[in-house]
Asker: 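Take a look at the following structure, please.
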Amino acid sequence: MAVIVVSLATSFTTTVVRSSFSFSPSLFLTKLKSAPCLRFTFSVSPFDSYRRRGVKLMAHSARATLGLTQPANIDVPKIAFSAKEIDVAEWKGDILAVGVTEKDMAKDDSKKFENSLLKKLDAKLGGQLSEASSEEDFTGKPGQSLVLRLPGLGSKRIGLISLGQSATNTYNFRNFGEAIAAAAKTAQASDVGIVLASTGSISNESKLNTASAIVSGTVLGTYEDNRYKSDSKRPVLKSVDILGLGTGPELVKKLKYAEDVSSAVIFGKELVNSPANVLTPAVLAEEASKIASTYSDVLSATILSAEQCIELKMGSYLGVAAASANPPHFIHLCYKPSSGPVKAKLALVGKGLTFDSGGYNIKTGPGCSIEFMKFDMGGSAAVLGAAKAIGQVKPRGVEVHFIVAACENMISGTGMRPGDIVTASNGKTIEVNNTDAEGRLTLADALVYACNQGVEKIIDLATLTGACRVALGPSIAGVFTPSDELANEVFTAAEASGEKLWRMPLEESYWESMKSGVADMVNTGARQGGAITAALFLKQ
């Protein structure tokens, strides 16, 4: 089985999973071997406190949130995308957005454009486009844009939007789409036409991918999460015409694919943006179940309660969850194509800490970012967003399992303490030397569960370590895997989707710092190489 770890800088029927064994759970399911002259007093399972408080250990318990906050029901604005082959000078709408590189902005001795499309548009505008670009020092450098209201074209305005030195990949064109969305917001434009100044060197296949990336960027750039604002303005962009990149059913299909995936990305962003008093583990499970219900022809949902996780001996995961008044919910969605043979089985595992206080090793001091720890379920948001996208796209020949061990890492008398030993569902014992290294403890049982689904490849996504962010910054995800083949597949997918990844080493000698004198391992090692030791931990 190949495994890769990526560190990121809801009507349905619940399937009840039962196991054949039963035992009396000690704190975090750790079993102590008896020794001569020693007696052990076992504390009551922290999950008994849920029963005493009357908390239901099932998903979908409806109750008021802390602060009585509920997100407003705001529909994601729909933009009508179409592909056309027309004279761009005659296109009618609010903004004609022209994508230009620095090379496209080159001018001759008379300060006129050399690019054929820009030369044509400039002639229609009486030379005002070249003149204005010179006056505004617009040279096509990254981040530049220039929107002018000039008479002479079918459009009310013309915009020059920079593509930088060159535009050769999905990342560039998606950023271009986002820049167009920003320009449309500023101008309050409802109809936009998009054309590239140079398309001669782009193959037909590349034109499809280019159009798809532009659509994705435009959708994501237009969207604003206003669910928690009492008064918000709706975007006015209604239609976008892609000009000069071809027409036909293949392009229409590609644009629809881009819209589907973008809607799933927005869903993931909304999950991450939701505050922890609203998005509890139970609500995250409800959202997962809604996905399965919406695409019930291909998706099914299994939500495990704390009681069921005890039966599966998920002591590592339950140890993290023990301090919270909000009980854990273990999420398992399964995609199976409606027809045809299954040729591959995959699992996507996402870290699902809906809030991380750090536990008894509480996050304190400048830079601790405790107020941002609602983001610690970013891995689960990516996984559930992928489930939504796959439910819409419905790929053939592949079975996909989406797995999230959702919980909170809080502080209470029932909580996990530094020095405690927890036992994962594969029998490995873990000495907890830092309660703020909790994500790997939840992922341990999630990965064991994923292995038991009979999958061939697992991708784990997690906001796992600050060390990886220190190493790679905020925009690049670290990738750990012993499999070169799987790494190549993931990097090929990342290039196609415009994501930035960097492969990190699995230095086995660093495991020495993860050894415990009283258990199989500790959950944190030396400070140096912290991202690597986290990955080595998950390898267990």
Asker: If you take all heavy atoms of Tyr295 and Gly391, which pair is closest and at what distance?
Answerer: CD2-O, 3.5 Å
Asker: Is there a donor-acceptor contact under 3.5 Å linking the side chains of Ser338 and Asp297?
Answerer: no
Asker: Do Val349 and Val404 come within less than 4.5 Å of each other through their side chains, counting heavy atoms only?
Answerer: no
Asker: Restricting to non-hydrogen atoms, name the atom on Ala444 and the atom on Leu538 that form the minimum distance, rounded to 0.1 Å.
Answerer: N-CD2, 4.5 Å
Asker: Flag the pair Lys428 and Asp445 as a salt bridge only when some basic side-chain nitrogen lies within less than 4.0 angstrom of an acidic carboxylate oxygen.
Answerer: no
Asker: Any donor-acceptor pair under 3.5 Å linking the side chain of Tyr360 with the backbone of Ser412?
Answerer: yes
Asker: Salt bridge check, Asp376 against Lys351: does any charged N sit closer than 4.0 Å to a carboxylate O?
Answerer: yes
Asker: Using a 4.5 Å cut-off on heavy atoms from C-beta on, say whether the side chain of Leu443 contacts that of Leu464.
Answerer: yes
Asker: With under 30° as parallel and over 60° as perpendicular, where do the rings of Phe372 and Phe375 fit, or are they tilted in between?
Answerer: parallel
Asker: Give the minimum heavy-atom separation between Thr414 and Ala323, together with the two atoms involved.
Answerer: OG1-CA, 3.7 Å
Asker: Ignoring hydrogens and angles, state whether a donor on the side chain of Thr492 or Glu489 is under 3.5 Å from an acceptor on the partner side chain.
Answerer: no
Asker: Between Lys363 and Glu371, does any NZ, NE, NH1 or NH2 come within less than 4.0 Å of an OD or OE carboxylate oxygen?
Answerer: no
Asker: Keeping the roles fixed (side chain from Asn488, backbone from Asp484), state whether a donor-acceptor pair exists under 3.5 Å.
Answerer: yes
